[in-house]
Amino acid sequence: MIEAPVEAAEEEPAEITSDVAQDKADEIPAADESTPVVEESDETAEQEAAESEEATEQPEIKIETAPADFRFPTTNQTRHCFTRYIEYHRCIAAKGEDAPECNKFAKYYRALCPGEWVDRWNEQRENGTFPGPL
């Protein structure tokens, strides 16, 4: 006697769920043919691909400072800055304006020296009153 009601109970939920699924399927509106769902995803994929290409094409910016110099072991790097400025201008005077070897000295002094100092030193060089040995 117990087995018969269990089998009947198992059959009823199966019928109920199929009825509910069919009712919900009737409630969902059919997709409009005028909505370009596939086209939007294609455009989005193209935009993402274009953005990733732009990101890879841009050069990587590498932030560096002058390397440690055993001549200037203290925290105060004022003399290091001044020395690199002088080294750059000596290199330019010896090898010419377009010498690629001098670019490293330019990077070093630009990384170490405040811009106001460099501007003042450039003015002093133009006037002939620069205090350092060039």
Side-chain angles (χ1 to χ4, degrees):
M1 282 201 227
I2 297 174
E3 292 180 11
V6 170
E7 289 177 13
E10 287 178 4
E11 291 175 12
E12 287 179 20
E15 292 174 14
I16 292 172
T17 54
S18 63
D19 291 339
V20 170
Q22 189 170 7
D23 289 341
K24 287 193 176 192
D26 293 339
E27 291 175 5
I28 298 173
D32 217 3
E33 290 181 13
S34 63
T35 45
V37 176
V38 177
E39 290 177 14
E40 288 179 8
S41 63
D42 289 342
E43 290 175 6
T44 306
E46 289 174 7
Q47 289 174 351
E48 290 175 3
E51 289 173 0
S52 66
E53 288 176 12
E54 289 175 6
T56 57
E57 289 177 9
Q58 294 177 352
E60 184 176 322
I61 297 173
K62 191 173 181 184
I63 299 174
E64 293 181 354
T65 188
D69 193 337
F70 69 92
R71 299 177 290 177
F72 310 102
T74 61
T75 307
N76 187 349
Q77 294 292 300
T78 303
R79 284 202 179 268
H80 191 183
C81 155
F82 187 72
T83 302
R84 295 296 187 172
Y85 182 83
I86 291 173
E87 287 174 344
Y88 170 72
H89 287 287
R90 282 184 179 170
C91 181
I92 292 295
K95 298 183 180 183
E97 289 285 328
D98 298 330
E101 312 78 64
C102 300
N103 291 339
K104 67 178 182 179
F105 295 119
K107 280 187 202 176
Y108 296 164
Y109 88 76
R110 289 181 185 137
L112 291 168
C113 301
E116 295 134 9
W117 292 5
V118 173
D119 292 340
R120 185 178 51 194
W121 292 338
N122 287 338
E123 287 176 15
Q124 289 174 346
R125 278 187 322 102
E126 290 171 5
N127 297 334
T129 60
F130 184 72
L134 294 177

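In this structure C81 satisfies the side-chain contact (heavy atoms from CB on, under 4.5 Å) test together with L112, C113, W117, W121, sequence neighbours excluded. Not counting sequence neighbours, F105 has no partner by the ring-ring contact (aromatic ring centres under 6.0 Å, His included) test.
If you take NE2 on H80 and CZ on R84, they are separated by 4.0 Å, rounding to the nearest 0.5 Å. Put simply, CZ on R125 and CG on N127 are 11.0 Å apart, with the number rounded to the nearest 0.5 Å. Taking CD of Q77 as the start and CZ of R79 as the end, the distance is 12.0 Å to the nearest 0.5 Å.
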Should T83 and Y108 be marked as a side chain to side chain contact (heavy atoms under 4.5 Å, CB included) after you check the CA-CA gap, both sets of side-chain angles, and the distance that decides it? CA-CA 10 Å; T83 302; Y108 296 164; over 6 Å; no

Working note: T78 + F82, criterion side chain to side chain contact (heavy atoms under 4.5 Å, CB included); need CA distance, chi angles, decisive distance, verdict. CA-CA 6 Å; T78 303; F82 187 72; 5.8 Å; no

Only distances under 3.5 Å count here; give the side-chain donor-acceptor pairs of residues 89-102 to other protein atoms, sequence neighbours excluded, each with its distance to 0.1 Å.
{"residue": "H89", "atom": "NE2", "partner": "Y85", "partner atom": "OH", "Å": "3.4"}
{"residue": "R90", "atom": "NE", "partner": "P133", "partner atom": "O", "Å": "3.2"}
{"residue": "R90", "atom": "NH2", "partner": "P133", "partner atom": "O", "Å": "3.2"}

